[in-house]
Number of protein chains: 2
Amino acid sequence: MACLREIEASQGKGQIVSSETLAALAGVKPTQLRKDLAYFGEFGRRGLGYDASELAFEIKRILKIDRIVPMILIGMGSLGTAFARFIITRANLEKDYPFRIQAIFDKDPHKTGTEFMGVRIYHIDDLKHMIQTLNPIIAVVAVPSQVSEPIIAFLCDHEVKAILNFAAPPTKIKPTKTIIHNVDLGAELEFLSYYT
Amino acid sequence: MACLREIEASQGKGQIVSSETLAALAGVKPTQLRKDLAYFGEFGRRGLGYDASELAFEIKRILKIDRIVPMILIGMGSLGTAFARFIITRANLEKDYPFRIQAIFDKDPHKTGTEFMGVRIYHIDDLKHMIQTLNPIIAVVAVPSQVSEPIIAFLCDHEVKAILNFAAPPTKIKPTKTIIHNVDLGAELEFLSYYT
DNA sequence: TAGATTGTTAATCGATTAACAATC
DNA sequence: TAGATTGTTAATCGATTAACAATC
């Protein structure tokens, strides 16, 4: 599936767009775009094209961002702060932005009990009894790699659907029900260096 | 090319390893690993395997991380700070870590003139006359998206080989000589949401 | 009806894997 | 020589693209 996100933002209400136009915007071939969409259903009308707002809605539904996605953030170091700022700013700016940070967890007593841009910061120990109530779909792990593995294991045990992990990939656990997406800043640099 | 980085860390001096062992470590098929390596040259010995330290050296050479890679960081908000901490910590810990932040640039007069973990923070206006001297291979852009495009354009004009861009992808410029690698935290979340 | 554009089948391309000759 | 393991050629698989019938 080639990048469909670009499409969403690109047209107003009631507008009809062709796969040709959309493909140009997304930087892919029209035929690829049509094939990708057809995989999920028939969203277009032959001879006409796609209804832009209808298509945007369908794409949101496919990506499961047609609803509020409750999240928790664990670790409020510089990376956690950067991530929280990014998400909360966007949620404040964009109507219907789906991702919401419900609670932040950290170990530092200088941070716990305070708020960051309107989101409460709890002690990491409170996660144990709060996770049931919060019931987050996604958890973001931005703690040091040395302490990340037990936290990730705990999250997997408690039915979190997906983890965005900025720490080192866990070595011991191989969860079946939880998807872990590892983001490795160091690897991004090595990747770039190769193409230098 | 499947992930070769794992291999590097995995063996001591003088050790011989087979593609079977390495593939298991990297989580790929042995035949895939051999094919990838063969693309760059003949590094193994038939009937024996690969010399681990020799292979590690060759991989570093291929990735161009067998030398110091000078970098600059532009933008010292929470994301810039997170990135700087990540790189500098690693450079302090790991012998031969190739990436070095030579200078940081920001607009905030409270930050300019100070140091972060031993790296000087300059005003963004100083970039103009300093870039020639610094001559960085890689530039990391961690400024707000609204102000990123002219900065990226400037970096491309001044022979920076690669840009790691945390801001929005540039729309106007299509550099030919500079590689831009865009990292989109929002897209990572949408990606995860889909697999929920 | 003629023109346009989708959804889908067929053809092409590239990447992964299997098989094996080379060789330690 | 027999066993092991690479580098490479051939076969397989999947993904991309082209072609076209369906239909607005």
Side-chain angles (χ1 to χ4, degrees), chain A residues 1-63 179 181 187 190-191 194-195, chain B residues 1-63 179 181 187 190-191 194-195:
Chain A
M1 179 176 59
C3 39
L4 296 172
R5 269 146 240 124
E6 281 86 350
I7 296 159
E8 204 184 293
S10 68
Q11 290 286 332
K13 284 256 168 196
Q15 291 280 19
I16 299 288
V17 280
S18 68
S19 60
E20 183 110 27
T21 312
L22 289 173
L25 283 164
V28 297
K29 292 252 171 15
T31 172
Q32 166 124 261
L33 189 132
R34 291 208 300 277
K35 179 137 246 197
D36 286 352
L37 289 175
Y39 174 77
F40 295 105
E42 295 197 12
F43 304 136
R45 283 186 227 166
R46 298 181 187 214
L48 286 171
Y50 300 90
D51 179 290
S53 66
E54 189 190 314
L55 185 60
F57 176 81
E58 292 293 347
I59 291 170
K60 282 180 194 156
R61 190 181 52 75
I62 292 162
L63 293 173
I179 309 127
H181 182 56
E190 286 181 17
F191 166 85
Y194 171 63
Y195 288 104
Chain B
M1 179 175 58
C3 39
L4 297 172
R5 268 146 242 124
E6 281 85 351
I7 296 159
E8 203 184 292
S10 68
Q11 290 287 333
K13 285 256 169 198
Q15 291 280 20
I16 300 288
V17 280
S18 67
S19 60
E20 183 110 27
T21 312
L22 289 174
L25 282 164
V28 296
K29 291 253 169 20
T31 172
Q32 165 123 263
L33 189 132
R34 291 208 300 278
K35 180 138 246 192
D36 286 351
L37 289 175
Y39 174 79
F40 295 105
E42 294 196 14
F43 304 136
R45 284 185 225 166
R46 298 182 187 213
L48 287 171
Y50 300 90
D51 179 292
S53 66
E54 190 190 314
L55 184 60
F57 176 81
E58 292 293 346
I59 291 170
K60 282 181 193 156
R61 190 180 53 73
I62 292 162
L63 293 173
I179 309 126
H181 182 56
E190 287 181 17
F191 167 83
Y194 171 64
Y195 289 104

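This one's a predicted model, so the numbers in the text were calculated from it and none came from an experiment. Only this structure's heavy atoms are used, side chains among them; waters, hydrogens and symmetry mates stay out.
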Report task. Could you check how far CD1 of A/Ile16 sits from P of D/dT23, rounded to whole Å? Result -> 18 Å
Query raised in the report: Looking across every strand, which nucleic acid part, if any, lies under 4.0 Å from A/Ser18 by heavy atom: base, sugar-phosphate, or nothing?
Result: sugar-phosphate
Query raised in the report: Over how many whole Å does the gap from B/Lys29 atom NZ to D/dT6 atom C1' extend?
Result: 19 Å
Query raised in the report: Where the side chain of A/Leu48 is concerned, which of D/dG7, C/dA18, D/dC24 is the nearest nucleotide?
Result: D/dC24
Query raised in the report: At what distance, to the nearest 0.5 angstrom, does CG of B/Leu63 lie from CD of B/Glu58?
Result: 11.5 Å
Report summary line: Taken to the nearest 0.5 Å, the spacing of A/Ile179 CD1 from B/Phe191 CZ works out to 8.5 Å
Requested in this report: Would you mind telling me which of D/dT9, C/dA10, D/dT6 lies closest to the side-chain atoms of B/Ser19?
Outcome: D/dT6
Query raised in the report: Are side-chain heavy atoms of A/Leu25 and A/Val17 found at a separation under 4.5 Å?
Result: no
Report task. Give a yes or no on whether a donor-acceptor pair under 3.5 Å exists between the nucleobase atoms of C/dG7, that is its base, and the side chain of A/Arg34. Result -> yes
Requested in this report: To the nearest Å, give me how far apart CD (A/Glu20) and P (D/dT17) are.
Outcome: 14 Å
Report task. Have a look at B/Phe43 and say if it touches a base, only the backbone sugar-phosphate, or nothing, with a 4.0 Å heavy-atom cut-off. Result -> sugar-phosphate
Query - Identity of whatever pairs with C/dG14 - Watson-Crick or G-U, under 3.5 angstrom - result: D/dC13
**Report entry** Length of the OH-P vector between B/Tyr39 and C/dA15, whole Å
**Finding:** 10 Å
Report task. Return the value, rounded to whole Å, for the distance between atom CG of B/Leu37 and atom C1' of D/dT8. Result -> 14 Å
Report task. May I have the distance from B/Lys35 (atom NZ) to C/dA15 (atom P), rounded to whole angstrom? Result -> 10 Å
Query raised in the report: Within this structure, what is the CZ-to-P distance between B/Arg46 and C/dC24, rounded to whole angstrom?
Result: 8 Å
Query raised in the report: Can you tell me how far the CZ atom of A/Phe43 sits from the CD1 atom of A/Ile62, to the nearest 0.5 Å?
Result: 4.0 Å
Report task. Could you say whether A/Thr31 or B/Thr31 is positioned toward the 5' end of DNA chain C, judged by the nucleotide with the nearest heavy atom to each? Result -> A/Thr31
Report summary line: Ranking D/dT8, D/dA22, D/dT6 by distance to the side chain of B/Glu42, first place goes to D/dT8
Query raised in the report: Using purine N1 to pyrimidine N3 plus N6-O4 or O6-N4 for Watson-Crick, or N1-O2 and O6-N3 for G-U wobble, each under 3.5 Å, what pairs with C/dT23?
Result: D/dA4
Query raised in the report: Expressed in angstrom and rounded to an integer, what is the separation of A/Asp36 atom CG from D/dT17 atom C1'?
Result: 12 Å
Query raised in the report: Testing B/Arg34, B/Gln32, B/Lys29 for side chain to side chain donor-acceptor pair (under 3.5 Å) with B/Ser19, which one passes?
Result: B/Arg34
**Report entry** Short side-chain N/O contact to C/dG7 OP1/OP2 from A/Tyr50, under 4.0 Å
**Finding:** yes
**Report entry** Of the listed nucleotides C/dT6, D/dT16, D/dG7, the one nearest the side chain of A/Gln32
**Finding:** D/dT16
